[in-house]
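Each chain gets a letter, A, B and so on, in the order the sequences are listed, and its residues count up from 1. Just the heavy atoms: all of them, side chains too, but no hydrogens, waters or symmetry mates, feed the values below.
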Amino acid sequence: MSTDNNDNEILERRARELLEESTDRLDAGVRSRLTRARFAAVEEARRARHSIAWRTLIPAGALAAAAVLAVVLWTGQSSPPAVQGSLDDLEIVADGENFELLENLDFYEWVSTQDPTDIG
Amino acid sequence: MTNASATLPAALAALLTQEPARTPKEAVLDQSRELERFLASVERRAFKVAEIAVRNVDDALDIVQDAMLQLARRYAGRPSDEWTPLFYRILNNRIRDCQRRRTVRSRVMAWLPMRAHEDEELPDPIETAPSGGPGPGEQLQAEEAIRALERAVGDLPQRQQQAFLLRNLEGLDVASAASAMGCSQGSVKTHYFRALQALRERLGDFWS
């Protein structure tokens, strides 16, 4: 049994030496093609990484845009009276018949600050 | 409270001593360099593994190139200590695909009368026949021993061949070889042991 183990160890060691020697003896053509293959693989990894980045950025950007749109729509829906009020004010101000009101704006402002019970 | 006060300086010290964060561009460069180093460290042995298995230089080069590209495309983002078993797993799959294609092709060719006896893939029997005696010099002896070993390993059943080359040439431990071969560690040990037995019987003369 120990002879078997010993023989196996000799075989393993000798085989390793020979195979390593064999890889060291590869001709220049093979070594050159291996180098080119390695460079191509490294370039491929770089390209794959960029494409992953884009594949991640595009959905993230779309999600962010959708979120912004949702927020805008939601806040727009919650404040229609304010928009409506502003439009009414604009109509009053733009109406030609109300120029008098504009001329006496200071007076109307003073009236609005007075206690209604004191007036008259 | 005591624990918090004890861990806070340690955390602060770790924060101060840690390296500054890398920019994304630096991270890509680092990964590229690491991948290149890894591929440079395995490419020759990978070629030898493929060449022994398919016995053709061009096919072996194509297999290694495919394996490199596949690793780069799919697994470059994985931790680098996972690359070796992943790479050899891809390599073994490519070798198996090549052998299957050849089997199919040789079956088809066998039906063609004009090409029935032609098979360029088979090694030249005169060139590969074992020499009757030792060569004139040490160099020749070594070359002869290498050729004999490569032929013997190439003749092993596929799983034994993989186990032998991954353990002996690539130097993978049993766990990594099992991961590369997609089998249990026990299977790797069995295949490896059988490979050694077969090689001892075949190459007895070269080791005495």
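Applying the side chain to side chain donor-acceptor pair (under 3.5 Å) test to R44(B) and every residue at least two apart in sequence or in another chain returns nothing. Residues satisfying the side chain to side chain contact (heavy atoms under 4.5 Å, CB included) test with Q65(B), not counting sequence neighbours, are A37(A), L69(B).
Ranked by heavy-atom pairs under 4.5 Å with chain A, the list L61(B), D58(B), L169(B), V57(B) is led by L61(B). Between chain A and the residues N168(B), I52(B), L35(B), the largest count of heavy-atom pairs under 4.5 Å involves N168(B). Comparing R38(A), R16(A), R36(A), R31(A) by how many heavy-atom pairs each has under 4.5 Å with chain B, the most go to R38(A). Looking only at heavy-atom pairs under 4.5 Å with chain A, the residue among R45(B), E143(B), R74(B) that has the most is E143(B).
For a heavy-atom cut-off of 4.5 Å, chain B lies close to no residue in residues 63-71 of chain A. Residues of residues 36-43 of chain B that come within less than 4.5 angstrom of chain A, heavy atom to heavy atom, are E36(B), L39(B), A40(B), E43(B) in numerical order.
Within the 4.5 angstrom heavy-atom criterion, only side-chain atoms of F193(B), from C-beta onward, approach chain A. Neither the backbone nor the side chain of L71(B) has a heavy atom closer than 4.5 Å to any heavy atom of chain A. For Q70(B), no part lies under 4.5 angstrom from a heavy atom of chain A. Interface residue A72(B): backbone and side-chain heavy atoms are both found under 4.5 Å from chain A.
The shortest distance between side-chain heavy atoms of L19(A) and V153(B) does not fall below 4.5 Å. Contact of the Q197(B) side chain with the N8(A) side chain is registered, since non-hydrogen atoms from C-beta on lie closer than 4.5 Å. Between I146(B) and R25(A), some side-chain heavy-atom pair lies under the 4.5 Å cut-off.
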Let's go through K48(B) and L26(A) carefully: what are the C-alpha distance in whole Å and the side-chain angles of both, what is the deciding distance for side-chain contact (heavy atoms from CB on, under 4.5 Å) to 0.1 Å, and is it a yes or a no?
CA-CA 9 Å; K48(B) 192 47 71 179; L26(A) 290 179; 4.2 Å; yes

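No more than 12 heavy atoms of other residues, nucleotides or ligands lie within 6.0 Å of CZ in R194(B), so this atom counts as exposed by the packing criterion.
In this structure, CD in E12(A) is found 7.5 Å from CZ in R167(B), a value given to the nearest 0.5 Å.
A salt bridge links R33(A) with D62(B); the closest basic N to acidic carboxylate O contact falls under 4.0 Å.
Across every non-hydrogen atom of A145(B) and L18(A), the tightest pair is CB-CD1, 3.8 Å.
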